[in-house]
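Right, one structure below, let's go through it.
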Amino acid sequence: MKCFIRLCIIAVFLSLIPTMTYAANWEKIDSSRKADWFFDTDSIRYELKHDDLTNQDVPDTTKITYWEKAVISDKVLEDAKKNAHKTHKILATKYGLRIITLSLPNRTFTVHESIQYTSHWIVLFHDTKESSGRIVPGTRREKRYNVIREYARTHHDQLVKNAYGN
């Protein structure tokens, strides 16, 4: 009976806690022995551009912005700890989050924000300095570019809706 009462109290307590956190929907876009990469399907969107004819903001279907998550494998973290005496570094980053904009016609990417976390989601590094680069053929970046471009093509309406913040 005491166990039942405790469970009821815990259930009531948990129901009173507000659910303020946003749960992203991560879809895998690439994988290697070092890391897995994902993008958030709930927030991927087209950028907006101003249309002078209508005097309104309209989706720019040539620019796609999304959150990308990298998850470093446990094996890589273990190897880094074992070799720390050789490199004088300990790899502590388990997760990396970046917000990226792809320019489809230019085949470029711009990283707007980058955050690195430990395995307990403690921030190790946070950078808001923008950096850009080209999508080089035959690279992992091109593979991820192609996956995002295809996702945008097949989920066009959702990216338009997300562009307006709906």
Side-chain angles (χ1 to χ4, degrees), residues 17-77 80 89-166:
I17 296 174
T19 55
M20 306 275 289
T21 59
Y22 172 76
N25 187 18
W26 297 106
E27 185 171 310
K28 187 181 266 190
I29 53 175
D30 196 10
S31 185
S32 75
R33 66 178 186 80
K34 293 183 178 183
D36 294 318
W37 290 269
F38 304 83
F39 75 99
D40 179 21
T41 61
D42 291 339
S43 65
I44 187 171
R45 68 183 189 279
Y46 292 123
E47 287 296 309
L48 292 175
K49 64 180 178 181
H50 189 74
D51 182 3
D52 291 333
L53 292 174
T54 62
N55 200 28
Q56 294 181 340
D57 289 336
V58 297
D60 181 351
T61 59
T62 67
K63 293 186 178 172
I64 303 167
T65 298
Y66 65 99
W67 279 99
E68 179 182 84
K69 176 171 71 170
V71 180
I72 309 302
S73 76
D74 290 336
K75 173 84 169 105
V76 169
L77 292 174
K89 292 187 210 174
I90 296 176
L91 179 64
T93 300
K94 174 67 178 173
Y95 305 104
L97 291 177
R98 303 187 311 170
I99 190 161
I100 299 171
T101 298
L102 298 179
S103 173
L104 300 181
N106 298 331
R107 289 183 54 88
T108 59
F109 67 93
T110 301
V111 177
H112 303 283
E113 186 173 1
S114 181
I115 312 165
Q116 294 178 5
Y117 298 90
T118 68
S119 59
H120 301 291
W121 290 97
I122 297 169
V123 175
L124 292 170
F125 177 77
H126 185 192
D127 187 11
T128 56
K129 182 180 173 189
E130 287 191 354
S131 62
S132 297
R134 294 196 178 278
I135 306 296
V136 178
T139 62
R140 290 200 172 281
R141 174 58 59 199
E142 183 186 43
K143 181 179 179 182
R144 296 193 299 259
Y145 168 87
N146 289 334
V147 170
I148 296 296
R149 186 182 65 188
E150 181 61 21
Y151 184 88
R153 188 184 69 72
T154 59
H155 296 83
H156 172 79
D157 293 342
Q158 184 65 40
L159 271 72
V160 168
K161 182 179 174 185
N162 291 349
Y164 289 112
N166 296 332

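The figures here come from the full heavy-atom set of this structure, side chains too, leaving out hydrogens, waters and symmetry mates.
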>> Show, in sequence, the C-alpha distance, side-chain angles and deciding distance for T41 and N25, and conclude whether the side-chain hydrogen bond (donor to acceptor under 3.5 Å, both in side chains) test is met.
In response: CA-CA 6 Å; T41 61; N25 187 18; 2.9 Å; yes
> Could you go step by step and tell me if T128 and H112 meet the side-chain hydrogen bond (donor to acceptor under 3.5 Å, both in side chains) rule?
Replying inline: CA-CA 6 Å; T128 56; H112 303 283; over 6 Å; no
> Yes or no on side-chain contact (heavy atoms from CB on, under 4.5 Å) for W37 and S32, after CA distance, side-chain angles and deciding distance?
Replying inline: CA-CA 9 Å; W37 290 269; S32 75; 3.8 Å; yes
>> Test side-chain contact (heavy atoms from CB on, under 4.5 Å) on L102 and I100; report intermediate values, then the result.
In response: CA-CA 7 Å; L102 298 179; I100 299 171; 4.2 Å; yes
> Can you list the steps and then say if Y117 with V123 is a side-chain contact (heavy atoms from CB on, under 4.5 Å)?
Replying inline: CA-CA 5 Å; Y117 298 90; V123 175; 3.5 Å; yes
> Are R98 and W67 close enough, and set up right, to give a side-chain contact (heavy atoms from CB on, under 4.5 Å), and what steps lead you there?
Replying inline: CA-CA 6 Å; R98 303 187 311 170; W67 279 99; 5.7 Å; no
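Side-chain contact between E27 and F38 is absent, with no heavy atoms from C-beta onward closer than 4.5 Å. For the pair V58/L48, no side-chain contact is recorded, criterion being any heavy-atom separation below 4.5 Å from C-beta on. Using a 4.5 Å heavy-atom threshold, the side chains of Y66 and D40 count as separate. Between K94 and V71 there is a side-chain heavy-atom pair separated by less than 4.5 Å. Considering only heavy atoms from C-beta on, F39 comes within 4.5 Å of Y151 through its side chain. With a 4.5 Å cut-off on side-chain heavy atoms, I44 and H155 do not count as touching.
Pairing each heavy atom of T93 with each of I72, the nearest pair is O-CG1, 3.4 Å. Summarising the geometry of D42 relative to A24, their closest heavy-atom pair is OD2-C, 4.0 Å, with the distance given to 0.1 Å. Across every non-hydrogen atom of A152 and I64, the tightest pair is CB-CD1, 3.4 Å.
For S73, the side-chain contact (heavy atoms from CB on, under 4.5 Å) criterion is met by K75, V76, not counting sequence neighbours. Partners of K28 according to the salt bridge (charged side-chain N to carboxylate O under 4.0 Å, His left out) rule, which considers only residues two or more places apart in sequence or in another chain, are D36. Partners of E150 under the side-chain contact (heavy atoms from CB on, under 4.5 Å) rule, at least two apart in sequence or in another chain, are R153, T154. Remark: I122 pairs with T118, H120 by the side-chain contact (heavy atoms from CB on, under 4.5 Å) rule, at least two apart or across chains.
Residue-environment remark: NZ (K63) stays at or below the threshold of 12 foreign heavy atoms within 6.0 Å.
Here T61 contributes atom OG1 and L104 contributes atom CG; the two are 8.0 Å apart, rounded to the nearest 0.5 Å. Here T101 contributes atom OG1 and I99 contributes atom CD1; the two are 6.5 Å apart, rounded to the nearest 0.5 Å.
Here the side chain of Y95 pairs no donor or acceptor atom with the backbone of I115 at under 3.5 angstrom. No donor-acceptor pair under 3.5 Å is formed between the side chain of N106 and the backbone N or O of T108.
A donor-acceptor contact under 3.5 angstrom links the side chains of T65 and E47, judged on distance only.
The list of ring-ring contact (aromatic ring centres under 6.0 Å, His included) pairs with a residue in residues 123-147, not counting sequence neighbours, is empty.
By the 30° and 60° cut-offs, the orientation of the rings of H156 relative to Y46 is tilted.
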Output a table of donor-acceptor pairs, distance under 3.5 Å, between side-chain atoms of residues 132-144 and any protein atom two or more places apart or on a different chain; print 'none' if there are none.
| unit_1 | atom_1 | unit_2 | atom_2 | d |
| --- | --- | --- | --- | --- |
| S132 | OG | T110 | OG1 | 3.0 |
| T139 | OG1 | V136 | O | 2.6 |
| T139 | OG1 | E142 | N | 3.2 |
| R140 | NH1 | D30 | OD1 | 2.9 |
| R140 | NH1 | D30 | OD2 | 3.1 |
| R140 | NH1 | S31 | O | 3.2 |
| E142 | OE1 | G138 | N | 2.6 |
| E142 | OE2 | R107 | NH2 | 2.8 |
| K143 | NZ | D30 | OD1 | 3.1 |
| R144 | NE | E68 | OE2 | 3.3 |

